[in-house]
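Worksheet: one structure, shown below.
Bear in mind that the values here come from a model prediction, so they are computed numbers and not experimental data.
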Amino acid sequence: MTPSNRTGRAPAANWEGLHMATVREENELRLNIVEPGFSVREVVPPGGPNPPESFFDPFFCFAEDDGSVVIMDIGGQPEPGWNPNQGHGSIWRLHPDDRLTPIVPLGAIGMGCILPPVKVAPPSFKPYGGELVFCGQALPGRSGAKAPHAVYHVPYEGGTPGLVSLIPNSGGSVAFGVPGALVGNTFGPEGSEHEGHVFFSSLMNCTVYRVREGEAEPWLICDPEHIGRTIMPYGVFFDDDGGMVLYGKEGTSYTEAAGTGSELRLWRVSNGTVADDPIEGLDEAAAFSMRANTNSVAPEGFGPFGGQSFSTTQGSANLMHVTMMPTGALPYDSTIVRVDAEGTPHVFADQLQSGAPTCMFVGDRMLVSRIGKSYSTGDYHETDGAIYEITYTG
């Protein structure tokens with residue numbers, strides 16, 4: 001399959017070459033929709049030239065009023081291949097007609113790296129209210145993933161990212177306190193003690209940081225010394241009552257060898273204390289849906305499932321550790337799950353390739369993004385990410 005030419009330029013000369021063909025073959029679309037009356041298509045297929053023809057590690061951030069979607073991509077440099085002295089990543093706008101336009105083009109991050117998700121800062125996050133805020137590496141590649149990270153901002157309309165704050169070391173009992181592998185992006189509720197701050201979490205030193213301009217403070221250190229065990233924190237969010245919820249994986253950290261699956265759990269946090277037991281009734285799919293923070297409730301135009309919620313499972317590939325991914329195709333064992341009005345989960349689609357897939361609804365269509373082998377941590381610098389569209393056809 002040759003993708004549409006979104007830029008007007010001729011596709012790269014090696015598009016039909018053996019190398020790109022291998023990438024396409026290892027990441028072919030096998031998604032099987034279990035429910036009748038739905039169809040799937042590739043919006044951005046894998047195995048093409050640099051964005052916007054194909055992506056490395058695409059991740060949905062949020063939808064705009066006109067139906068466009070802001071997408072960040074961890075991978076990619078201006079020139080194909082890998083330059084260890086240059087940063088990577090980009091931010092794009094996917095329009096309803098499938099056009100892709102750059103917000104932060106490849107190479108604009110300098111020596112750094114862009115990591116998901118990207119969010120719009122509230123007015124209280126001074127002086128960057130209304131701008132896009134995200135975290136990232138301060139240095140490129142695999143070595144940068146294990147080094148201190150930073151928080152960045154960029155004008156909503158796009159441009160060159162600027163620094164909000166560097167992230168300091170914390171603790172020391174886990175990963176020597178180095179704040180590598182930063183994730184998250186949750187703004188403090190307006191009117192609370194956290195107004196004007198944003199939270200990010202280091203998977204490496206297991207610390208949740210509270211950040212504002214020029215300041216990043218360790219807010220919750222999830223190691224045995226502070227909470228009685230180790231939790232690799234994927235982030236925090238606030239419930240409807242303003243209570244803080246921590247979500248992550250217990251008994252591990254980013255630099256340890258990854259097992260299979262994600263095994264995410266959620267815990268309530270009160271006065272800096274993490275509850276002993278996880279919240280009941282919330283599984284891995286729900287946790288990742290919260291992490292993605294995208295619209296997961298189907299519209300009325302989505303056939304018989306309007307009003308039901310959808311989320312993805314992660315399958316056996318685990319991209320949340322520094323462990324290298326094996327050679328060849330990632331397993332096709334992720335699923336898309338729907339939860340009916342009675343709260344019962346059902347497999348909506350299977351044979352989705354592992355690699356941190358997420359889904360969201362924009363209008364009457366479901367969009368699915370899939371990060372491939374980690375560009376940043378896996379030394380794999382190919383366009384193996386993909387974006388799919390699922391619609392109800394009756």
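Pairs of residues two or more places apart, or lying in two chains, that qualify as salt bridge (charged side-chain N to carboxylate O under 4.0 Å, His left out) and include a residue from residues 59-79 are E64-R93. Residue pairs that meet the salt bridge (charged side-chain N to carboxylate O under 4.0 Å, His left out) test with at least one member in residues 222-231, sequence neighbours left out, are R229-E250.
Annotation for A63 and V362: closest pair CB-CG2, 4.3 Å, computed over non-hydrogen atoms. Scanning all heavy atoms of the two residues, the minimum distance from P233 to L203 falls at O-CD2, 3.2 Å. Of all non-hydrogen atoms in P84 and P140, the two that sit nearest each other are O-CG, 3.3 Å. Between A150 and L163, the closest heavy-atom pair is CB-CD1, 3.7 Å. For the residue pair I221 and G171, the shortest heavy atom distance occurs at CD1-N, 4.5 Å. Residues G235 and S201 come closest through the heavy atom pair CA-OG, 3.4 Å.
Expressed to the nearest 0.5 Å, how far CD of E131 lies from NE2 of H153 amounts to 5.5 Å. The OH atom of Y152 lies 11.5 Å from the CD1 atom of I91; values are rounded to the nearest 0.5 Å. Here S170 contributes atom OG and F176 contributes atom CZ; the two are 15.0 Å apart, rounded to the nearest 0.5 Å. Rounding to the nearest 0.5 angstrom, the gap separating the CD1 atom in I279 from the CG atom in D239 is 8.0 Å. One distance of note links CD1 of I371 with CG of D57; it measures 5.5 Å at 0.5 Å rounding. In this structure, F305 CZ and H346 NE2 are separated by 8.0 Å, a value rounded to the nearest 0.5 Å.
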Please walk me through it: do H149 and C135 pass side chain to side chain contact (heavy atoms under 4.5 Å, CB included)? CA-CA 7 Å; H149 282 42; C135 68; 5.8 Å; no
Starting from the C-alpha separation in whole Å, work towards a yes-or-no answer on salt bridge (Lys or Arg N to Asp or Glu O under 4.0 Å) for E28 and R30. CA-CA 6 Å; E28 65 177 339; R30 299 183 189 175; 3.0 Å; yes
Evaluation steps, side chain to side chain contact (heavy atoms under 4.5 Å, CB included), between F59 and L115: CA-CA 9 Å; F59 191 96; L115 294 173; over 6 Å; no
Any chance you could lay out the side chain to side chain donor-acceptor pair (under 3.5 Å) test for N205 and T207, step after step, and finish with the verdict? CA-CA 6 Å; N205 70 6; T207 299; 3.3 Å; yes
Assess the residue pair D384 and R370 against the criterion (salt bridge (Lys or Arg N to Asp or Glu O under 4.0 Å)); give the C-alpha distance rounded to whole Å, side-chain angles, the decisive distance to 0.1 Å, and a yes or no. CA-CA 9 Å; D384 62 338; R370 187 186 58 74; 5.4 Å; no
Evaluate side chain to side chain contact (heavy atoms under 4.5 Å, CB included) for V118 paired with I71, printing each intermediate quantity in order. CA-CA 8 Å; V118 177; I71 299 171; over 6 Å; no
Determine, stepwise, if the pair E35 / R338 fulfils salt bridge (Lys or Arg N to Asp or Glu O under 4.0 Å). CA-CA 11 Å; E35 308 282 2; R338 68 174 177 89; 3.1 Å; yes
From CA spacing to verdict: side chain to side chain contact (heavy atoms under 4.5 Å, CB included), L31, Q351: CA-CA 5 Å; L31 185 65; Q351 297 183 48; 5.8 Å; no
Begin from the C-alpha positions of S334 and T313 and carry the test side chain to side chain donor-acceptor pair (under 3.5 Å) through to its verdict. CA-CA 5 Å; S334 295; T313 62; 5.0 Å; no
Side-chain donor/acceptor pairs under 3.5 Å, residues 189-196, sequence neighbours excluded:
| from | atom 1 | to | atom 2 | distance (Å) |
| --- | --- | --- | --- | --- |
| E190 | OE1 | S124 | OG | 3.3 |
| E190 | OE2 | S124 | OG | 2.7 |
| S192 | OG | P189 | O | 2.7 |
| S192 | OG | H194 | N | 3.1 |
| H194 | ND1 | R210 | NH1 | 3.2 |
| E195 | OE1 | G191 | N | 2.5 |

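Put simply, the side chain of Y234 never gets that close to the backbone of R265: no donor and acceptor are under 3.5 Å apart. With hydrogens and angles ignored, the 3.5 Å screen pairs no side-chain donor or acceptor of S296 with any backbone N or O of S309. Remark: the backbone N or O of Q308 is not paired with any side-chain donor or acceptor of D340 at under 3.5 angstrom. Counting only distance, with no hydrogens or angles, the side chain of Q77 and the backbone of Q86 share a donor-acceptor pair below 3.5 Å. Side chain of Q353 to main chain of E26: a donor-acceptor pair is present (N/O by atom type, distance under 3.5 Å, no hydrogens or angles). Using a distance-only test at 3.5 Å, with no hydrogens or angles considered, no donor-acceptor pair links the side chain of K146 to the main chain of G180. One N or O on the side chain of T312 and one on the backbone of P357 form a donor-acceptor pair closer than 3.5 Å.
Between P304 and Y392 there is a side-chain heavy-atom pair separated by less than 4.5 Å. At a threshold of 4.5 Å between non-hydrogen side-chain atoms, the residues F361 and L367 do not count as touching. Two residues are said to be in side-chain contact when any heavy atoms from C-beta on lie closer than 4.5 Å; E213 and P127 meet this criterion. Here the side chains of P179 and M204 are not in contact, with every heavy-atom distance at 4.5 Å or above. H88 has its side chain out of reach of H381: every pair of non-hydrogen atoms, C-beta onward, lies at least 4.5 Å apart. In this structure, the side chains of F60 and C359 stay at 4.5 Å or more apart for every pair of heavy atoms. The shortest distance between side-chain heavy atoms of S90 and L106 falls below 4.5 Å. Looking only at side-chain heavy atoms (C-beta outward), N169 and V178 come within less than 4.5 Å of each other.
The number of heavy atoms from other shown groups lying within 6.0 Å of CD (E217) is above 12. For Y156, the OH atom sits in a packed shell: over 12 heavy atoms of surrounding residues, nucleotides or ligands are nearer than 6.0 Å.
Between the side chains of S54 and T383, not a single donor N or O lies within less than 3.5 Å of an accepting N or O. At a cut-off of 3.5 Å, with distance as the only test, a side-chain donor of T358 or S369 sits close to an acceptor on the other residue.
Hydrophobic cluster membership differs between L139 and I109, with clusters built from Ile, Leu, Val, Met, Phe, Trp and Tyr side chains linked at under 4.5 angstrom. Side-chain heavy atoms closer than 4.5 Å link hydrophobic residues (I, L, V, M, F, W, Y) into clusters, and following such links, possibly through other members, connects I114 to V154. Placement of V104 and F62 within a single hydrophobic cluster is found when ILVMFWY residues are connected by side-chain heavy-atom separations under 4.5 Å, directly or transitively. Both M232 and V245 belong to a common hydrophobic cluster when Ile, Leu, Val, Met, Phe, Trp and Tyr are linked at side-chain heavy-atom distances under 4.5 angstrom.
Contact check on D98 versus R365 returns a salt bridge, with a Lys/Arg side-chain nitrogen under 4.0 Å from an Asp/Glu carboxylate oxygen.
Hydrophobic clustering, defined by side-chain heavy atoms of Ile, Leu, Val, Met, Phe, Trp and Tyr closer than 4.5 Å, groups V274 together with F199, V208, W219, L220, I227, I231, V236, F238, M244, L246, W267, V269. Other members of the hydrophobic cluster containing V133, listed by chain and number, are F125, Y128, V151, V164, I167, L182, F187, V198, F200, Y209, V211; membership follows side-chain contacts under 4.5 Å among ILVMFWY residues, whether direct or relayed.
Qualifying ring pair (Phe, Tyr, Trp, His ring centres under 6.0 Å) partners for F348, counting only residues two or more places apart in sequence or in other chains: F38, F302, F310.
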